[in-house]
Protein chains: 2
Amino acid sequence: MTSFSEENYLKAIFHLEKTSTGGVSTNALAEKLETKASSVSEMVKKLSKKELVAYRKYQGVSLSDKGREAAVEIIRKHRLWEYFLVEKLNFSWTEVHDVAEQLEHIQSEKLVLELDKFLGFPRKDPHGDPIPDTQGNFQSLEKVLLAEVEPGQQGLCVGVRDSSREFLEYLDKNKIALGKTIEIIEREEFDQSLLIRLENEELHISKSIANNLFIKII
Amino acid sequence: MTSFSEENYLKAIFHLEKTSTGGVSTNALAEKLETKASSVSEMVKKLSKKELVAYRKYQGVSLSDKGREAAVEIIRKHRLWEYFLVEKLNFSWTEVHDVAEQLEHIQSEKLVLELDKFLGFPRKDPHGDPIPDTQGNFQSLEKVLLAEVEPGQQGLCVGVRDSSREFLEYLDKNKIALGKTIEIIEREEFDQSLLIRLENEELHISKSIANNLFIKII
DNA sequence: TTAAAAATTTAGGCAGCCCTAAAAATTTAA
DNA sequence: TTAAATTTTTAGGGCTGCCTAAATTTTTAA
Ligand SMILES: [Mn+2]
Ligand SMILES: [Mn+2]
Ligand SMILES: [Mn+2]
Ligand SMILES: [Mn+2]
């Protein structure tokens, strides 16, 4: 029905729609999918013919309801598998993404349903991202980037914006993990870096790190 | 490295080698893979160039050591996933094959290793077929087709030769399952059908059923 | 308002994997 | 041993999804 490639396009459009006003641009998609704009143009026409996206030349694409449903199902599978890999197979949160990129394309309704059940219906993946339920509903949390928090406030580390291996390994190295408490001690105005208290340890982190870490104020 | 398609060819050649003297024929491969002889010719040349098979025009193919290693790894993955689906996700042995056909192509050494460990290093899949270990060693069992057993003998049901959904459903319907005891009471000479005792119940089965069920004489 | 820059689409190709039809080699049966 | 039947390969395409280069449209900035 939908090929791996088509599924990857739908997923990418879904993610890009969250941060783009109007349609998702061809270039944005090309960059996200590490392909060329011309390839995107082509594929987007195909998805449009299948009524998975709405597309007007030069105006970008957006998901149709059907397309969004498909995208959410892929994201659901991706995150359930990530959870499985970490909880059952001793994978670290830095290792799961690439394997999940493959597993998310396995076609079997029963598989997803039973996997979800087997895992105890988890609602967050190892990176703190919500796992949509069977209906496609996300259970979202009010979270804020650490970079946007004022000194004196504290919160629980609940997610990452960048879930690249490099960033996650940086967090591991500095013992920053989901569920830990973080308090902002002070912000250096010159470079916007932060001095934080992480479970009783003081730590200095740069603005770009703070910009990729979500916390929930407590 | 190897595409889904190439992997399917390698696996098919591996299975066909067991019952063919000399190279595996183009037609045999085409039938197994539900494709055309011309496609097989083409692919076989490609696999030969990659040194995964030995191939001489008109003489059929056989796996190289490298090719056999790859094939065994795919079979290992297929059977581990089948075991997982049955033992952890409530799949029946009739349902696992198609999903395993997809899962066997997932590329991740760690995934296979950890899955094997998670499952407790099972050495038989739900159909009684051996699961090769990390080294590629099969632990095979002396088993015999029920059709070849003489009246009076009894054995343990240990495997199926045909693992199609239809055959497995027939077995389910008649409560024939791996691990159960079967005794041959008598063979009808006219049609080679058998009267058997299955755990204290008498049952009549045709020759073609007996021809697809493996038992271990006890 | 217009020209340059940037974004997007179209044109033309390539690789993988499949197909049908035709040609060639091998096997089988006279 | 030879002709017919069968098997296998080759020729010629199709389709998907990718790419580069050229054309077109839109946006930005004089
Ligand atoms: Mn991921
Ligand atoms: Mn994730
Ligand atoms: Mn199977
Ligand atoms: Mn099996």
Side-chain angles (χ1 to χ4, degrees), chain A residues 1-14 16-17 19-63 67 70-71 74 101-102 104-105 107, chain B residues 1-13 16-17 19-63 67 70-71 74 101-102 104-107:
Chain A
M1 174 72 240
T2 54
S3 67
F4 281 24
S5 203
E6 287 169 342
E7 293 192 347
N8 286 334
Y9 272 87
L10 292 176
K11 194 171 46 131
I13 296 167
F14 180 90
L16 290 172
E17 270 187 342
T19 52
S20 82
T21 59
V24 172
S25 79
T26 300
N27 265 0
L29 259 177
E31 191 187 0
K32 181 135 207 160
L33 292 165
E34 295 180 272
T35 183
K36 297 301 157 84
S38 55
S39 303
V40 172
S41 263
E42 229 177 31
M43 179 60 98
V44 137
K45 265 188 238 164
K46 226 179 74 182
L47 294 173
S48 178
K49 193 170 301 170
K50 291 194 179 187
E51 301 194 307
L52 292 161
V53 302
Y55 169 58
R56 287 197 347 274
K57 268 190 194 178
Y58 294 101
Q59 308 305 309
V61 271
S62 51
L63 293 172
I74 299 158
E101 284 291 310
Q102 299 178 62
E104 72 189 3
H105 301 294
Q107 308 275 5
Chain B
M1 177 66 240
T2 54
S3 68
F4 281 25
S5 203
E6 289 169 340
E7 293 192 347
N8 287 334
Y9 272 86
L10 293 177
K11 192 169 50 131
I13 296 168
L16 290 172
E17 271 188 341
T19 52
S20 85
T21 58
V24 172
S25 79
T26 301
N27 265 0
L29 258 177
E31 191 187 359
K32 180 133 209 163
L33 292 166
E34 296 180 90
T35 183
K36 297 302 158 82
S38 55
S39 303
V40 172
S41 264
E42 226 178 33
M43 179 60 98
V44 138
K45 265 188 239 165
K46 225 180 75 180
L47 294 173
S48 177
K49 194 171 301 174
K50 291 192 179 188
E51 303 194 306
L52 291 161
V53 302
Y55 169 59
R56 286 197 349 272
K57 268 190 193 179
Y58 293 101
Q59 308 304 308
V61 271
S62 52
L63 293 172
I74 298 159
E101 284 291 308
Q102 299 178 63
E104 72 189 3
H105 301 293
I106 303 290
Q107 308 274 7

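Naming convention: chains lettered A, B, ... in sequence-line order (proteins, then strands); numbering from 1 in each chain.
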A:Ser41 side chain, from C-beta outward: closest of C:dT8, D:dT8, D:dT20: C:dT8

Could you work out which one of D:dT7, D:dA11, D:dT25 sits closest to the side chain of B:Asn27? D:dT7

Distance, rounded to the nearest Å, where B:Leu33 contributes CG and C:dC19 contributes C1': 15 Å

Looking only at C:dT26, C:dT10, D:dG13, the nucleotide nearest the B:Glu42 side chain is D:dG13

Between P on C:dT9 and CG on A:Leu47, what's the gap in Å once rounded to a whole number? 13 Å

Heavy-atom check, side chain of A:Glu6 versus side chain of A:Leu52, under 4.5 Å: no

5' precedence on DNA chain D between A:Thr35 and B:Tyr55 (nearest-nucleotide basis): B:Tyr55

Distance in angstrom units between B:Lys50 NZ and C:dG16 C1', rounded: 10 Å

To the nearest angstrom, how far is A:Gln59 atom CD from C:dT9 atom C1'? 13 Å

In terms of the angle between their ring planes, are B:His105 and B:Phe4 parallel, tilted or perpendicular, with boundaries placed at 30° and 60°? parallel

What is the separation between atom CZ on A:Phe4 and atom P on D:dC18, rounded to the nearest whole Å? 13 Å

What about A:Ser38: does its side chain form a donor-acceptor pair under 3.5 Å with the base of D:dT20? yes

Can you check whether B:Ser5 has a side-chain N or O nearer than 4.0 Å to OP1 or OP2 of C:dC18? yes

Of D:dT20, C:dC18, D:dT9, the nucleotide closest to the side chain of B:Tyr58 is D:dT9

As a test of reading the structure: which of C:dT10, D:dC18, C:dC18 is closest to the side chain of A:Ser39, going by heavy atoms? D:dC18

When the nearest nucleotide of DNA chain D is assigned to B:Lys57 and to A:Lys57 on a heavy-atom basis, which residue is associated with the more 5' position? B:Lys57

Send over the distance from B:Arg56 CZ to D:dT8 P, rounded to a whole Å. 14 Å

Could you tell me if the side chain of B:Tyr9 sits less than 4.5 Å from the side chain of B:Leu47, heavy atoms only? yes

Salt-bridge contact B:Glu42-B:Lys36 (side-chain N to carboxylate O under 4.0 Å): no

Value in whole Å for how far the C1' atom of C:dG16 lies from NZ of B:Lys49: 13 Å

Just compare D:dT20, C:dT20, C:dT9 and give me whichever is closest to any side-chain atom of B:Lys36. C:dT20

Could you give the CG-to-C1' distance, from B:Leu29 to C:dC18, as a whole number of Å? 15 Å

A:Tyr55 and A:Gly60: which non-hydrogen atoms are nearest, and at how many Å? CD1-O, 3.6 Å

